[in-house]
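The structure under discussion appears below in the form of structure tokens.
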Number of protein chains: 2
Amino acid sequence: MERTRVIDTDELLSIRAAELYYEENKTQDEIGTLLRLTRWKVGRLLAQAKASGFIRIEIVHPRARRLSVERRLREATGLTDAIVVSSAGVAGDEELQSRTAQAAADYLTGLRPVPRTLGISWGRTLHEVALHLKQGWAHGVNVVQINGGVSLNRRAGTAAATAVNIAHKAAGAATLLPSPAILERFETKQAIESDRAVAAVLNLATAASAYLFSAGQADENSALVDSGYLTVEQVAELVRKGAVGDIVGRYIDSNGNIVDPELDGRTVGIQLEQLRQAKTAIAVIAGGSKHAIARAIVGSGLCTVLVTDEDTALAILGDEA
Amino acid sequence: MERTRVIDTDELLSIRAAELYYEENKTQDEIGTLLRLTRWKVGRLLAQAKASGFIRIEIVHPRARRLSVERRLREATGLTDAIVVSSAGVAGDEELQSRTAQAAADYLTGLRPVPRTLGISWGRTLHEVALHLKQGWAHGVNVVQINGGVSLNRRAGTAAATAVNIAHKAAGAATLLPSPAILERFETKQAIESDRAVAAVLNLATAASAYLFSAGQADENSALVDSGYLTVEQVAELVRKGAVGDIVGRYIDSNGNIVDPELDGRTVGIQLEQLRQAKTAIAVIAGGSKHAIARAIVGSGLCTVLVTDEDTALAILGDEA
DNA sequence: TGGAATCTTGCTCATCTGAGCACTCGGGCG
DNA sequence: CGCCCGAGTGCTCAGATGAGCAAGATTCCA
């Protein structure tokens, strides 16, 4: 850090002017009189202060978005859309996730054309999105699960509840995928996928007009560990192989490639290619621990729309302070 | 914290409008078109957003001041003047103290009428103020020390150097107080004060046209402990008696009263009454550990001007977050 | 030193914005 | 049932502001 940078006279003046303008809300004219300057000079000083980044304007509100970051994200990544919620004045990740989920609900509500069928994953984040959706957010949107999710040891049904909740609030029907997320043997997975009930759902999922999903980080707090599908050791092993997180139950590395094909072969749900080719694939990702997976998803074209928080967005753009 | 507060439609709209206005700098007209509102409605929404405190404008610069806080401080305390430097984007106390010292130097430079004789204390803060003063900051200001300060075990002379430095840069003379800050016996203190050389300096100090001083917190990091005048235990005892810090070597409680008259009787320097009656008494106080002493000084009228940092100022005003 | 190139300054003018005012709409009350 | 009151809306108008321009100041070489 450059402690002994010379501060030129105009810079100081521009700060004095800014104080009077923004804190005391005097007019440029009045400031001119006070500082013995013409009002044009004052205007220029103010412009200079802004340009130098000395004036920071923040919108402090849970629903505030960062439009400039959204624009940069769209331009840098080619995303169709990017929604970035402000992290100004946020305490912890929990608040961040709540804000992001709210924004996702807003986005979904405003999405045009309204999807006839919406494919969704499950998890903490999606659950919260469902909560934030308003009754009647759409009319006749059917919801289909895109990856297996009957929880093994948690109170069952959160995954199902999310889908039902979203569908119910849109006066539509929910189609559940009656299968575990990961099976122990490849053969079992093949068998269950060829079962008529399951196959029908997967077909529906493949044909969905839009997808909404979140992602999990690759560490001991992963939802898949929590649900009992994987052990902490298994996740650690995946990380050793380069995993940064999972998306619809499939672990990927920072390039968006499947980390462990054998494990992936035992995972029930749509293929990542489905998401890559989808017209509308909305990823909802928030929190400091998900920067890496968010980056991987956006970087490898796994979503067309990203809903996230400011910090994650900046991490993706690569300009963290 | 109220998590489930209802956010009315206008509030949300005002946030959207603010995003477009402040982040995308669109005109109110354009925003009106985008949001399907008249431009007057947009203006009102923006005004509402400001009034609700959703728009936060900060001036991020080491020399930035907080004029609104200064005004509140003046009004609440009856200070003649208050200088409050912004703590926006500051790492630690060190930076805060540097900024404050700089501001004090600026204030001193602009002080009118220019004091003929300036009485100063000594310490880290005053030393830094001296450094920040520019050569020729005034013409012919004489400096006199107002409290004893020959350091016992530090490299001697910082106290003297401060005085000489300030005087030199103002083309004036420095008068040093050749005495320890605190003596071991009352009789010795009386003797030294009646010595012609010392008495003359004290007379000069009493007649100074302005005073500039800092204050120390009452804990093991106090400058008086550092200099060897007091032990950690003695300070702890003073704290037990209510001391919040020292000013010109004298420990006071939160009401501005001398905590230990016996100790005070052995302390060489002008009396606090001198400061209370002075036309111009500038206190320079910065840092989180000095909130209490700053409050005591301002509250008991020991200064007419306070130069401090934003956090300390807010602590004095009693509206810390 | 001269003169060209650049920066700075003061200004005009068009635009943006806030204050104030008249009007409308909706609900409560006689 | 009609009237009144207050909130909210659209408008006028004047003050505030930014863009652009020409004249003056400054710098930098030759």
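Computed from a predicted structure; not experimentally measured. All values below were derived from every heavy atom in this structure, side-chain atoms included, with hydrogens, water molecules and symmetry-related copies excluded. Just so we're on the same page: letters track the sequence lines, and every chain starts at 1.
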Please report the distance, rounded to the nearest Å, between [atom1] in [X] and [atom2] in [N].
| X | N | atom1 | atom2 | result |
| --- | --- | --- | --- | --- |
| Leu45(B) | dT17(C) | CG | P | 14 Å |
| Trp40(A) | dT9(C) | CH2 | C1' | 10 Å |
| Arg39(B) | dT15(C) | CZ | P | 12 Å |
| Gln48(A) | dC7(C) | CD | P | 14 Å |
| Tyr21(A) | dT17(C) | OH | P | 10 Å |
| Leu46(B) | dT17(C) | CG | P | 9 Å |

Return yes when atom NE2 of His132(A) has more than 12 non-hydrogen atoms of other residues, nucleotides or ligands closer than 6.0 Å, and no otherwise.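 Counting other residues, nucleotides and ligands, NE2 of His132(A) exceeds 12 neighbours.
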
Is [X] reaching over with its side chain to a backbone N or O of [Y], donor-acceptor style, under 3.5 angstrom?
| X | Y | value |
| --- | --- | --- |
| Ser87(A) | Val90(A) | no |
| Ser52(B) | Phe54(B) | no |
| Lys169(A) | Trp137(A) | no |

Can you give the first and last nucleotides of DNA chain D, 5' to 3', that have an atom under 4.0 Å from a heavy atom of chain B?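 Listed 5' to 3', the contact boundaries are dT9(D) to dT12(D).
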
If you go through the side-chain atoms of Arg44(A), does one of them form a donor-acceptor pair with the base of dG10(C) closer than 3.5 Å?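 When only heavy-atom distances are counted, Arg44(A) does reach the base of dG10(C) through a donor-acceptor pair under 3.5 Å.
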
So, does Gln28(B) get its side chain near the phosphate of dT15(C), meaning an N or O under 4.0 Å from OP1 or OP2?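 The answer is no; no side-chain N or O of Gln28(B) sits under 4.0 Å from OP1 or OP2.
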
Quick one: which of Thr77(B), Ile282(B), Val284(B), Leu79(B) gives a side-chain contact (heavy atoms from CB on, under 4.5 Å) with Cys303(B)?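 It is Leu79(B); the other options fail the test.
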
Just to verify, which of Leu46(A), Leu35(A), Val42(A), Asn25(A) counts as forming a side-chain contact (heavy atoms from CB on, under 4.5 Å) with Leu20(A)?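 Per the side-chain contact (heavy atoms from CB on, under 4.5 Å) rule, the option paired with Leu20(A) is Leu35(A), out of Leu46(A), Leu35(A), Val42(A), Asn25(A).
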
